[in-house]
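The sequence lines fix the lettering, A, B, ..., with proteins before strands; numbering per chain opens at 1.
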Amino acid sequence: MTWIPWNTQLRELAKQCQYLQALTLYRQMMRCGSTPNAFSFPFALKPSASLHLPFSGQQLHCQVIKSGCSPEPFVITSLISMYCKFNSLVNARKVFDENPISNQLTVCYNALISGYALNSRVSYVIALFCRMMEMGLPVNLVTMLGLIPVLSEPGYISLRMSFHCCCVKLGLNLDFSVANCILTMYVKCGAIELARNLFDEMPKKGLITWNAMISGYAQNGLAANVLELYKKMEGADVGRDVEQRIESSGLRLNPFLNNALINMYARCGNLVKVRATFDGMPVKTLVSWTAIIGGYGIHGYGEIAVELFDEMIKSGIRPNGAKFPGPENYSCMLNLLGRAGRLNEALELIKSMQVKPDGAVWGALLGACKIHRNVEIAELAFEQVIKFEPMNIGYYVLLSNIYSEAENLEGVLKVLE
DNA sequence: CTAGGGTTAG
């Protein structure tokens, strides 16, 4: 019997996360005399699967070694990725080094690079990247995605320079998606001129290309350049093929670009443009709402901001997504909710935060409690805020004022202690 | 039968 039906079934079970059944089938397959091959068990090396299996991926690794034959590339890559996902970089490296074939496979480099990058092992990342280019291996989108966590880190300017030199020296032939990634990297670290050079050199420009470049200008407040590119984009629309036309009309409705624009208009206080851009968007994301609410908020239109907040909730979007920005944005929203007297909602918002609340967030809540005389929440907020600033006398005064306004003498005495 | 993994907005 051939192994194809077995493998197909194994893969099907693995896809449905029925790992124990897959294991049973795997054993049955061996009893029937079929030799499992590389296609039979990479699924077992996936971290999600290993958690459900009665043996660890490492044990399976031992089994592979015991079998005597050198593992096939699929297995090697699976092993590397498995060890990386469990942050066992030493083991991942061992697999890479012990199997010379890894040295010639982009996939193996990709797996190891992303493992090092996620653990901020910068020197390893750059060494591996250089090595794979010296080997003449193709760098692809997946390689770049692995590199991004390290290259976008604000502190690594020298690394980015050496990365850039590396690319130039070796004459890296940039394919479309790799170029997009490098462009993004330049934009993220504010190297806007390098970004523009690359942008101009790119023979093909896609949605992400235009987007990254225009939003790069928007982020740096270069409104004139935004307009210039906009016009260029429209120009590119004429006389080009249908595909390009669709791409560039998609750009105008593109949430990434529009959100960047809302933020730019908000920063320069053009609330009319903010509103128009926002209203023109067919689909509004959490980022769009955050941008417009923040825009009205910082320019003194707290009431409109709170109304928009309600509208957002009504439309089914909640501010607890994993991608909601840092604590500063929360304190802005909290100030708005707090001043409007909606303290319970403010508290709920804090509880839903994915980022760790800082002192300012709790301080804002405490301040709002003073205005709206809410002792209960004030006690809660106070308890948190002094964890951050135990020596700040202002908070003690604030709490005792809240107590005294509520004619709670006991509380006042407690604070004085 | 196929490993590495999905970029841009805040």
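- At whole-Å resolution of the value, CZ in A:R11 and C1' in B:dA3 are 13 Å apart.
- With no hydrogens or angles considered, no side-chain donor-acceptor pair links A:S81 and A:S78 at under 3.5 Å.
- Following rounding to the nearest Å, A:L79 (CG) and B:dG4 (C1') show an atom-to-atom distance of 13 Å.
- The nearest whole Å value for the distance from the CG atom in A:L229 to the C1' atom in B:dT8 is 14 Å.
- Distances shorter than 4.0 Å separate some side-chain N or O of A:S81 from OP1 or OP2 on B:dG4.
- Comparing B:dT8, B:dG5, B:dA9 by their nearest atom to the side chain of A:N211 picks out B:dT8.
- Of the candidate nucleotides B:dA9, B:dT7, B:dA3, B:dA9 has the atom lying nearest to any side-chain atom of A:Q219.
- At B:dG5, one or more side-chain N or O atoms of A:K85 fall inside 4.0 Å of OP1 or OP2 (strictly under the cut-off).
- Using a 4.0 Å heavy-atom cutoff across all strands shown, A:T285 reaches at least one base atom of the nucleic acid.
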When the side chains of residues 371-380 of chain A are checked against the rest of the protein, which donor-acceptor pairs come out under 3.5 Å, sequence neighbours left out?
{"residue": "A:H372", "atom": "NE2", "partner": "A:G338", "partner atom": "O", "Å": "3.0"}
{"residue": "A:H372", "atom": "NE2", "partner": "A:R339", "partner atom": "O", "Å": "3.0"}
{"residue": "A:H372", "atom": "NE2", "partner": "A:G341", "partner atom": "N", "Å": "3.2"}
{"residue": "A:R373", "atom": "NE", "partner": "A:E405", "partner atom": "OE1", "Å": "3.4"}
{"residue": "A:N374", "atom": "OD1", "partner": "A:E376", "partner atom": "N", "Å": "3.2"}
{"residue": "A:N374", "atom": "OD1", "partner": "A:I377", "partner atom": "N", "Å": "3.1"}
{"residue": "A:E379", "atom": "OE2", "partner": "A:Y403", "partner atom": "OH", "Å": "2.4"}

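- In the set B:dA9, B:dA3, B:dT7, the nucleotide with an atom closest to the side chain of A:V107 is B:dA3.
- Nearest nucleotide to the A:T77 side chain, out of B:dA3, B:dG5, B:dA9: B:dA3.
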Fill in: Working for side chain to side chain donor-acceptor pair (under 3.5 Å), residues A:N258 and A:T277
CA-CA 7 Å; A:N258 282 318; A:T277 311; 5.7 Å; no

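- Distance from the side chain of A:T184 is smallest for B:dT8 among the nucleotides B:dT8, B:dG4, B:dA9.
- Atom CE in A:M213 sits about 15 Å away from atom P in B:dT8, given to the nearest Å.
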Practice prompt. Decide ring pair (Phe, Tyr, Trp, His ring centres under 6.0 Å) for A:F382 and A:W362; before the verdict, give the C-alpha distance in whole Å, the side-chain angles of both, and the deciding distance to 0.1 Å.
Written response: CA-CA 7 Å; A:F382 177 76; A:W362 292 108; over 10 Å; no

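- The aromatic rings of A:Y116 and A:Y124 lie parallel to each other, their planes meeting at an angle below 30°, with 60° marking the opposite boundary.
- Side-chain proximity of A:N180 to B:dT7, B:dA3, B:dT8: nearest is B:dT7.
- Here the side chain of A:F256 is nearest to one of B:dG4, B:dA9, B:dT7, namely B:dA9.
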